[in-house]
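Order of appearance sets the numbers: ligands from 1, and atoms from 1 within every ligand. Not measured: the values here are computed from a predicted model. Worth knowing before you read on, the calculation uses all heavy atoms, side chains too, and leaves out hydrogens, waters and symmetry mates.
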Amino acid sequence: MTDVKSTDIQVSTFENAMRQFDRAAGLLKINPGLLNIIKRPRRSIILELPMMMDDGTYRLFKGYRVQHSIVRGPGKGGIRYHPDVNLDEVQALAAWMTFKCAVVGIPFGGAKGGIVCDPRKMSKGELERLTRRYTAELMDVIGPDQDVPAPDVNTDSQIMAWVMDTYSMHQRRTETAVVTGKPVAMGGSLGRREATGRGVQFCVRAMARHLGQSLPGLRIAVQGFGNVGSVAAELLARDGCKIVAVCDVYGAIANKSGLDIPALLKHTATTGSVKDFPGSESIDTKSILTTDCDVLIPAALENQITEENAALIRARVVAEGANGPTTPEADVILAEKGIYVIPDILCNAGGVTVSYFEWVQDRMGYFWEEEEVNQRLELIMNRSFGEVLALSTAHDTTLRVAAFMLAIQRVAEVIQLRGLYA
Ligand code: NAD
């Protein structure tokens, strides 16, 4: 990509996503020209965001919004704040959103956004000004019927509140449905904060049922202890699983008898990290992936399980909480080792599913009880898991290939029904 130095990224994440696509597309009888239309992002926006920092200095931040597909409905996808954000990554994440929404059958296309910044080094005021400027620059392309952002790495409900407020001020009316993952007090959905981790829990449960394993005592390692990883760990610990190792960007900890997750959540809330948690041993952050466990949950960033470490993975199941944590080369190695990978576009789809519920509730102006949200989520996750599993059995292929097959078919069908306007 033009704005990314070749030394910045060893692999193109978008190319990796397209290699996953191609593997599945090869098993489908779909016109190659149509497949090419499905693959390419519909619109990629690059922004230069000027800001005055607290100390009075001027700075320019690079921002992106990519709408990969708006064929099945408005674009949908999170906003990431991270120093490594780049166009290639945002395009890949937007593409995965298209296929994720199709796998779980919700009426959205795929989009994603990001700003190249290090939120850890910014004040709350600076983050608010950057978020508002980014939103204002995107006024013409986002909206409840166009493109609906949500949280991703380093963005949370407060940032979504600023997006919603900025958009509403420009529109001269309160427009809650422009963004999901908002605080519950201002149109957010109960259960949204936990939704991605809960979806991971439902997938791990479904896989355990398929493999005839019981949850109590199942040993789990989690890479990343943010929104997705910490909730997945908390809910699976409640199911009786033993969370034997977790890590975040600052460090990694382990305990063979199982970490006390409620106590660890308190520890991270006060210290900001899993590091130095009493009753745990400190381990090397990289070794989290090769921990001796039954289920590995990567819940940090993409390109973590690679051809260098895939052969060392000891888990029987990899449940992808993160987007794109496994490279295509690693996928082949994991499949050869007989490791089941619950692919990201299925495993972490709980977040976008409850985002859809939030959008529906905002538009109705009527809000559901948390129990209803969770029950509807469970229904969709179990149905989707079943459909992907059935397709993978029928075609004797991996769950990832099957999930992509299902998604590509659904997107292709809508393009053919709508026809191409010319
Ligand atoms: P988050 O910012 O809440 O948490 C990220 C966690 O990963 C943090 O604990 C961070 O310290 C850790 N981390 C970052 N870099 C790391 C590294 N190099 N090694 C180890 N740990 C590292 O983000 P999140 O919302 O939990 O998102 C995590 C992943 O899940 C991303 O891939 C995201 O795209 C995906 N995802 C998120 C949602 C959602 O609803 N938030 C939905 C679907 C998918």
Open item on the list: Tell me whether Asp294 is salt-bridged to Arg219, with the criterion being a basic N under 4.0 Å from an acidic carboxylate O.
Closed with: yes
- [ ] State whether Asp22 and Lys39 are salt-bridged, where the test is any N-O pair (Lys NZ or Arg NE/NH1/NH2 against Asp/Glu carboxylate O) under 4.0 Å.
- [x] yes
Task: Proximity to ligand 1 by part of Arg192, non-hydrogen separation under 4.0 Å - done: side chain
Task: Polar atom proximity, Gly229 to ligand 1 (N or O, under 3.5 Å) - done: no
- [ ] Identify, for atom 40 (O) of ligand 1, the protein heavy atom at the shortest distance, and state residue, atom and that distance.
- [x] Thr196 OG1, 2.7 Å
Task: Quiz item: cation-pi between Arg376 and Trp368, 6.0 Å / 45° - done: yes
- [ ] Would you check whether Asn348 has a nitrogen or oxygen atom less than 3.5 angstrom from a nitrogen or oxygen atom of ligand 1?
- [x] no
Open item on the list: Between ligand 1 and Lys100, is the shortest N or O to N or O distance under 3.5 Å?
Closed with: no
- [ ] Determine yes or no for a side-chain-to-main-chain donor-acceptor pair under 3.5 angstrom, with Thr155 supplying the side chain and Ile79 the backbone.
- [x] yes
Open item on the list: Looking only at protein heavy atoms, which one is nearest to atom 2 (O) of ligand 1, and what is the separation?
Closed with: Asn154 N, 3.0 Å
Task: Side chains of Asp239 and Gln201, donor plus acceptor under 3.5 Å - done: yes
Task: Residue pair Ser12 / Asp88, side-chain donor-acceptor N/O under 3.5 Å - done: yes
Open item on the list: Can you check which of Gly224, Gly226, Ala300 brings a heavy atom nearest to atom 28 (C) of ligand 1?
Closed with: Ala300
Task: Nearest-contact summary for atom 26 (O) of ligand 1 - protein heavy atom, Å - done: Val228 N, 2.9 Å
Task: Protein contact of atom 9 (O) of ligand 1 - nearest heavy atom, named by residue and atom, plus distance - done: Phe225 N, 3.0 Å
Task: Asp331/Arg23 salt bridge by N-O under 4.0 Å criterion - done: no
- [ ] Indicate, as side chain, backbone, both or neither, the part of Pro325 found under 4.0 angstrom from ligand 1 when only non-hydrogen atoms are considered.
- [x] neither
Task: Salt-bridge present (Arg193, Asp156; N to O < 4.0 Å) - done: no
- [ ] Mark up the atoms of ligand 1 that fall under 4.0 Å of a heavy atom belonging to Ala322, in ascending order.
- [x] 29 (C), 30 (O), 32 (O), 35 (C)
TODO: If you have a sec, work out which protein heavy atom is nearest atom 3 (O) of ligand 1 and how many Å separate them, to one decimal?
DONE: Asn227 N, 2.9 Å
Task: Protein contact of atom 33 (C) of ligand 1 - nearest heavy atom, named by residue and atom, plus distance - done: Asp152 OD1, 3.2 Å
Open item on the list: Parallel, tilted or perpendicular: which one describes the rings of Phe99 and Phe404, with boundaries at 30° and 60°?
Closed with: tilted
Task: Heavy atom of protein closer than 4.0 angstrom to atom 18 (N) of ligand 1 - done: no
TODO: Using a strict 4.0 Å threshold on nitrogen-to-oxygen distance, state whether Arg120 and Asp118 make a salt bridge.
DONE: yes
TODO: Before signing off on this row, confirm whether Cys247 and ligand 1 have an N or O atom pair separated by under 3.5 Å.
DONE: no
Open item on the list: Less than 4.0 angstrom from a charged side-chain N to a carboxylate O is my criterion; do Glu128 and Lys124 meet it?
Closed with: no
Task: Selection from Val352, Val354, Val249 by shortest heavy-atom distance to atom 14 (C) of ligand 1 - done: Val249
Task: Enumerated ligand 1 atoms positioned under 4.0 Å from heavy atoms of Leu301 - done: 15 (N)
Open item on the list: Looking at Glu302 and Arg80, is there a salt bridge between them, counting it only when a charged N and a carboxylate O are closer than 4.0 Å?
Closed with: yes
Task: Arg120 heavy atom under 4.0 Å from ligand 1 - done: no
TODO: Report the part of Arg80 (side chain from C-beta onward, or backbone N, CA, C, O) that has a heavy atom under 4.0 Å from ligand 1; answer both or neither where that applies.
DONE: side chain
Open item on the list: Contact between ligand 1 and Glu302 is defined here as a heavy atom of the residue under 4.0 Å from a ligand atom; is it met?
Closed with: no
Task: Derivation and outcome, side chain to side chain donor-acceptor pair (under 3.5 Å), residues Lys76 and Thr180 - done: CA-CA 9 Å; Lys76 187 86 194 79; Thr180 58; 2.8 Å; yes
Open item on the list: Just to confirm my output: which protein heavy-atom neighbour is closest to atom 36 (N) of ligand 1, and how far is it?
Closed with: Asn323 ND2, 3.8 Å
- [ ] May I ask you to identify the nearest protein heavy atom to atom 27 (O) of ligand 1, giving residue, atom name and distance to one decimal place in Å?
- [x] Val153 CG2, 3.7 Å
